[in-house]
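On a predicted model such as this, the values are computed, not experimentally measured, just so you know.
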Amino acid sequence: MRLSLLMLAALVPATPALAAETPELQRAVGAPQAVGAVHTLRQIPEACARLEGVFTGQAAEPYRFSAVRTSEQCQPRARFVDYAKAQPSADKGWKLNDVIRVPNAACPAQQAVGPAQQAVVRVWRLPVNNTQALDGQGQSRIYLEEAKKQAAAGKIPQVTMFAAQLQVEGKACN
């Protein structure tokens, strides 16, 4: 009995680390992309953003990605922030939201040499609970003067944030 409890106690600290590496969204490896072909990795509608990537064919920077605004008329309910500045981690409340893997079409699977080159983009999400108080009619209302006072006092409501990290894995193509 004591041995079982010790084994269970030893496993408990490992569980959060494992959960932190399991993304909220599960997806298969993407279709191989040709060098120079710009492709969409993922859309984040609440941030009015789309992640685009491209294999460059250069050894120094084999893959490049960026967040692109989807529409000027889109009103974002979330923000896409720089990964280096945000430094997301589970300890800070961030959740690993998605892991996107895109193989390089110019690099066929290299069984003897190692795995083929692929871009891996990890998308992190910092959720915020923005439930608004409802009035007597069950409506959420924002009054202009109150909102101005809150903004002047620096009490602007927080919004969900997203950040993405790029890694290139596997052997470069010859």
Side-chain angles (χ1 to χ4, degrees), residues 11-130 154 156-174:
L11 292 176
V12 171
T15 305
L18 181 62
E21 288 301 318
T22 303
E24 295 174 314
L25 304 174
Q26 301 294 321
R27 70 172 65 223
V29 174
Q33 298 294 322
V35 172
V38 177
H39 51 274
T40 298
L41 295 166
R42 175 181 168 179
Q43 299 227 17
I44 304 175
E46 55 267 44
C48 299
R50 170 179 73 245
L51 298 180
E52 288 183 344
V54 62
F55 282 100
T56 63
Q58 301 170 358
E61 186 183 24
Y63 191 82
R64 183 174 43 238
F65 88 105
S66 61
V68 179
R69 185 164 174 110
T70 55
S71 168
E72 290 300 319
Q73 289 79 28
C74 184
Q75 296 295 317
R77 300 177 313 274
R79 287 187 338 178
F80 192 84
V81 296
D82 183 31
Y83 180 86
K85 290 180 184 175
Q87 298 181 349
S89 70
D91 297 336
K92 295 179 182 177
W94 289 81
K95 297 180 184 288
L96 182 60
N97 181 252
D98 199 357
V99 177
I100 305 161
R101 296 179 183 279
V102 181
N104 187 342
C107 297
Q110 304 166 357
Q111 297 285 338
V113 180
Q117 187 178 58
Q118 66 178 351
V120 179
V121 177
R122 287 177 173 76
V123 180
W124 291 80
R125 180 177 68 89
L126 180 63
V128 174
N129 184 6
N130 276 345
I156 298 173
Q158 295 290 322
V159 295
T160 299
M161 291 191 284
F162 288 89
Q165 173 193 32
L166 168 66
Q167 291 179 322
V168 178
E169 298 177 353
K171 299 281 185 184
C173 303
N174 295 336

**Student:** So, for Q118 and P103, which heavy atoms are closest and what is the spacing to 0.1 Å?
**Tutor:**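 Nearest heavy atoms, Q118 then P103: CB-CA, 3.8 Å.
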**Student:** So do the side chains of L126 and F162 get within less than 4.5 Å of each other, counting heavy atoms only?
**Tutor:** no
**Student:** Is the shortest heavy-atom distance from the side chain of V123 to the side chain of L51 under 4.5 Å?
**Tutor:**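 Yes, at least one pair of side-chain atoms sits under 4.5 Å.
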**Student:** Of all the heavy-atom pairs spanning A86 and W94, show the shortest one and how long it is.
**Tutor:** CB-CZ2, 3.8 Å
**Student:** Hey, are the side chains of V99 and V120 touching, using non-hydrogen atoms and a 4.5 Å cut-off?
**Tutor:** yes
**Student:** Quick one: CZ on R50 to OG1 on T70, what's the gap to the nearest 0.5 Å?
**Tutor:** 7.0 Å
**Student:** Quick one: closest heavy-atom pair of L166 and A119, and the distance?
**Tutor:**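 Closest approach of L166 to A119, heavy atoms only: CD1-CB, 4.2 Å.
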**Student:** Kindly determine whether E46 and I44 satisfy side chain to side chain contact (heavy atoms under 4.5 Å, CB included), including the steps that lead there.
**Tutor:** CA-CA 6 Å; E46 55 267 44; I44 304 175; 4.1 Å; yes
**Student:** Has S71 got a side-chain atom pairing as donor or acceptor with Q73's backbone, closer than 3.5 angstrom?
**Tutor:**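 The answer is yes, because a donor-acceptor pair under 3.5 Å joins these two groups.
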**Student:** Charged N to carboxylate O under 4.0 angstrom, R122 versus D98?
**Tutor:**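 No, R122 and D98 are not salt-bridged.
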**Student:** Looking at every heavy atom in both R27 and L41, which two are closest together, and how far apart are they?
**Tutor:** NH1-O, 4.0 Å
**Student:** Under the side chain to side chain contact (heavy atoms under 4.5 Å, CB included) criterion, do N97 and R42 qualify, and how do the steps go?
**Tutor:** CA-CA 12 Å; N97 181 252; R42 175 181 168 179; 2.5 Å; yes
**Student:** Would a distance-only check, ignoring hydrogens and angles, find a side-chain to backbone donor-acceptor pair under 3.5 Å from Q26 to P23?
**Tutor:**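 Answer holds: yes.
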**Student:** For the residue pair F55 and Y63, categorise the inter-ring angle as parallel (less than 30°), tilted (30 to 60°) or perpendicular (more than 60°).
**Tutor:** perpendicular
**Student:** Which pair of heavy atoms, one from A31 and one from V102, lies closest together, and at what distance?
**Tutor:** O-CG1, 3.9 Å
**Student:** What's the shortest heavy-atom distance between V159 and R77, and which atoms?
**Tutor:**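 For V159 versus R77, the nearest heavy atoms are CB-O, 3.7 Å.
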**Student:** Working to the nearest 0.5 Å, report the span between CD of Q165 and CG of L96.
**Tutor:**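 Between Q165 CD and L96 CG, I get 9.5 Å after rounding to 0.5 Å.
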**Student:** Taking atom CZ of R125 and atom NZ of K95, what is their separation to the nearest 0.5 Å?
**Tutor:** 6.5 Å
**Student:** So how far is it from K92 NZ to Q87 CD, rounded to the nearest 0.5 Å?
**Tutor:**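 Answer for the NZ-CD pair, K92 versus Q87, is 4.5 Å.
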**Student:** Among residues two or more places apart or on two chains, list those pairs meeting disulfide (SG to SG under 2.5 Å) that have a residue in residues 61-98.
**Tutor:** C48-C74
**Student:** Nearest 0.5 angstrom please: L25 CG to T22 OG1, how far?
**Tutor:** 12.5 Å
**Student:** Is a side-chain donor or acceptor of T160 paired with a backbone partner of P127 at a separation under 3.5 angstrom?
**Tutor:**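 Checked: no pair found.
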